[in-house]
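Structure first, then comments.
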Amino acid sequence: MTSIPNVLTDELRASLATISTATLTHQLQQRGIRGSFLSGLSPLRPEMRMVGRARTLRYVALREDRNRTYAGGDNAQRRAVESAEPGDVLVIEARGVADAGTIGDIYVTRLLALGAAGVVTDGALRDTPAIADIPIPVYRQASHAATYGRHHMPYSVDDAVTCAGVFVEPGDVVVGDAEGVVVIPAALVEEGGAAALEQEDVEAFAIERVAAGESTRGLFPLAESRRADYEAWKAARD
């Protein structure tokens with residue numbers, strides 16, 4: 001396989017699986033990454049969490065005189081699926097085109113068999129009812145019964161792509177929950193993940209106190225005057 005970085009340890013994977021995409025998006029904004037959340041996509045199985053290494057598939061617009069070259073034989077779609085490794089998430093750039101499928105149930109089944117951690121497309125799913133029965137997280141813009149050949153040609157594997165408005169490089173970390181999908185640059189995974197865990201603890205403390213009747217003032221965001229209370233709460237909980 002090509003030298004695509006994999007920064008996900010078992011510990012990091014388990015930790016990221018407990019953090020919301022909202023928290024991760026905020027931490028990335030704090031670090032200057034404004035475009036990390038993939039807008040307009042929804043999960044097929046909202047109860048499933050997704051954490052994995054990004055692998056990419058890029059579709060380009062159909063051009064009839066080039067279709068046989070790009071869509072035939074061992075094309076980029078097949079190569080992307082067959083090269084998946086355990087823990088990978090296939091991220092598909094389909095230019096936001098929703099009225100043609102980008103992947104169907106056979107290839108999603110193959111990804112599951114290879115141990116992939118999920119599928120993300122900014123286009124449409126085909127065979128959506130069947131894919132809903134496959135135990136793997138899938139995020140998509142829409143559903144459509146037509147094959148990709150209606151609008152797309154599979155063009156490249158493991159190049160940088162733009163999916164749902166977000167730049168994604170192979171080796172980035174992809175996290176999904178019921179709200180959607182966030183892409184974390186590989187270099188920021190450890191730092192951002194640790195800060196996100198701390199943020200979720202602080203917010204759990206704030207929610208508990210607000211639910212008990214306290215004002216949000218000093219709790220959200222946490223003021224220095226309440227930090228000792230938070231630290232005592234955290235120590236007692238731990």
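Note that this is a predicted model, so its numbers are computed, not measured.
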Item checked: Whether R49 side chain and I19 backbone form a donor-acceptor pair below 3.5 Å -> yes
Check: If you take all heavy atoms of A100 and A124, which pair is closest and at what distance?
Finding: O-CB, 3.3 Å
Note to self: Would you say L44 ends up clustered with L41 if hydrophobic residues are merged whenever their side chains have heavy atoms under 4.5 Å apart, either directly or through other cluster members?
What the structure shows: no
Notebook entry, point to check: Side chains of V119 and V89: closer than 4.5 Å at any heavy-atom pair?
Noted result: no
Notebook entry, point to check: Within the side chain of D159, is there an N or O that forms a donor-acceptor pair under 3.5 Å with the backbone of S156?
Noted result: no
Next item on the list: Mind checking the CG-CG spacing from D158 to L57? Nearest 0.5 Å is all I need.
Entry: 9.5 Å
Next item on the list: Please assess T102 against R126 for the test side chain to side chain donor-acceptor pair (under 3.5 Å), listing each intermediate value before the final yes or no.
Entry: CA-CA 7 Å; T102 56; R126 186 168 180 261; over 6 Å; no
Note to self: I'd like to know if the side chain of R110 reaches the main chain of I106, judged simply by a donor and an acceptor atom lying under 3.5 Å from each other, with no hydrogens or angles considered.
What the structure shows: no
Margin query: Contact between L197 and T18 at the side-chain level, heavy atoms closer than 4.5 Å - yes or no?
Written below: yes
Checklist line | A204 backbone acceptor or donor facing D201 side chain under 3.5 Å | finding: no
Checklist line | Hphob cluster co-occupancy, V189 + V174, side-chain heavy atoms under 4.5 angstrom | finding: no
Next item on the list: Run the numbers on R95 and H151 for side chain to side chain donor-acceptor pair (under 3.5 Å), then give the verdict.
Entry: CA-CA 10 Å; R95 308 178 319 285; H151 285 299; 5.8 Å; no
Item checked: Joint hydrophobic cluster, I184 plus L8, side-chain heavy atoms closer than 4.5 Å -> yes
Next item on the list: Group every Ile, Leu, Val, Met, Phe, Trp and Tyr by side-chain heavy-atom contacts under 4.5 Å, then state whether I103 and L112 land in the same group.
Entry: yes
Margin query: Looking at every non-hydrogen atom in both residues, tell me the closest pair between Q141 and A98 and how far apart they are.
Written below: OE1-CB, 3.6 Å
Notebook entry, point to check: Can you find a pair of side-chain heavy atoms, one from L24 and one from L16, that are under 4.5 Å apart?
Noted result: yes
Check: Just by modelled atom types, is the S20 backbone N or O under 3.5 Å from a matching donor or acceptor in the E200 side chain?
Finding: yes
Note to self: Just verifying a value: how many Å separate D65 CG and R63 CZ, rounded to the nearest 0.5 Å?
What the structure shows: 4.0 Å
Notebook entry, point to check: Say you draw a straight line from CZ of R45 to CD1 of I136; how long is it, rounded to the nearest 0.5 Å?
Noted result: 10.5 Å
Next item on the list: Would you mind reporting whether R79 and D74 have side-chain heavy atoms less than 4.5 Å apart?
Entry: yes
Checklist line | Stepwise side-chain contact (heavy atoms from CB on, under 4.5 Å) test for T21 and V181 | finding: CA-CA 7 Å; T21 57; V181 179; 6.0 Å; no
Next item on the list: Please answer: with hydrophobic residues joined when any side-chain heavy atoms are less than 4.5 Å apart, are V120 and L125 in the same cluster?
Entry: no
Margin query: Would you say CZ of R237 has more than 12 non-hydrogen atoms from neighbouring residues, nucleotides or ligands within 6.0 angstrom?
Written below: yes
Next item on the list: Kindly compute the distance separating CG (N6) from CZ (R55), expressed to the nearest 0.5 Å.
Entry: 10.0 Å
Next item on the list: Before accepting this row, confirm whether a basic side-chain N of the pair E224/R227 lies closer than 4.0 Å to the acidic partner's carboxylate O.
Entry: yes
Next item on the list: For E191 and Q27, run side-chain contact (heavy atoms from CB on, under 4.5 Å): C-alpha distance rounded to whole Å, both residues' side-chain angles, the deciding distance at 0.1 Å, then the answer.
Entry: CA-CA 9 Å; E191 175 190 340; Q27 287 300 325; over 6 Å; no
Item checked: Spacing of CD belonging to E82 relative to CG belonging to L111, to within rounding of 0.5 Å -> 8.5 Å
Notebook entry, point to check: Taking C-beta and beyond as the side chain, do L188 and I33 meet within less than 4.5 Å on heavy atoms?
Noted result: yes
Margin query: Could you tell me if the side chain of D122 sits less than 4.5 Å from the side chain of L38, heavy atoms only?
Written below: no
Notebook entry, point to check: Does the pair R226/E231 count as a salt bridge with the N-to-O cut at 4.0 Å?
Noted result: no
Item checked: Smallest separation among heavy atoms of T56 and P170, with atom names -> OG1-CG, 3.8 Å
Note to self: Could you go through H152 and R58, starting from their C-alpha distance and side-chain angles, then the distance that decides it, and tell me whether this counts as side-chain contact (heavy atoms from CB on, under 4.5 Å)?
What the structure shows: CA-CA 10 Å; H152 304 296; R58 181 184 170 207; over 6 Å; no
Notebook entry, point to check: Can you tell me if T162 uses its side chain to pair, donor with acceptor, with the backbone of G165 under 3.5 Å?
Noted result: no
Notebook entry, point to check: Just by modelled atom types, is the E169 backbone N or O under 3.5 Å from a matching donor or acceptor in the D172 side chain?
Noted result: yes
Item checked: Contact list for residues 133-155, test salt bridge (Lys or Arg N to Asp or Glu O under 4.0 Å), sequence neighbours left out -> D99-R150
Notebook entry, point to check: Remaining members of Y230's ILVMFWY cluster at a side-chain heavy-atom cut-off under 4.5 Å?
Noted result: V202, F205, V210, L219, L222, W233
Notebook entry, point to check: Does V173 reach the side chain of R53, with side-chain heavy atoms less than 4.5 Å apart?
Noted result: no
Next item on the list: Only counting residues at least two apart or in another chain, list the ones meeting salt bridge (Lys or Arg N to Asp or Glu O under 4.0 Å) with E64.
Entry: none
Check: So does E190 have more than 12 non-hydrogen atoms from other groups sitting under 6.0 Å from CD?
Finding: no
Next item on the list: With the side chain counted from C-beta on, respond yes when Q30 and L28 share a heavy-atom pair under 4.5 Å apart, and no when they do not.
Entry: no
Margin query: Tell me if the CG atom of D10 is crowded by more than 12 foreign heavy atoms within 6.0 Å.
Written below: no
Note to self: Just checking Y148 against Y59, ring centres under 6.0 Å apart?
What the structure shows: yes
Check: Taking all non-hydrogen atoms of both residues, which atom of G171 and which atom of A186 are closest, and how far apart?
Finding: O-CB, 3.6 Å
Note to self: On a heavy-atom basis, which atom in P154 and which in N75 lie closest, and how many Å separate them?
What the structure shows: CG-CG, 3.9 Å
Next item on the list: State, to 0.1 Å, how close A117 and P137 come at their nearest heavy-atom pair, and which atoms those are.
Entry: O-CD, 3.3 Å
Check: With distance as the sole test, does D127 use its side chain to make a donor-acceptor pair with the main-chain N or O of G104 at under 3.5 Å?
Finding: no
Notebook entry, point to check: Around atom CG of L114, are there more than 12 heavy atoms of other residues, nucleotides or ligands at under 6.0 Å?
Noted result: yes
Check: Within a radius of less than 6.0 Å around CD of E11, do more than 12 heavy atoms belonging to other residues, nucleotides or ligands occur?
Finding: no
Check: Hey, what do you get for CG (L90) to OG1 (T121), rounding to the nearest 0.5 Å?
Finding: 8.5 Å
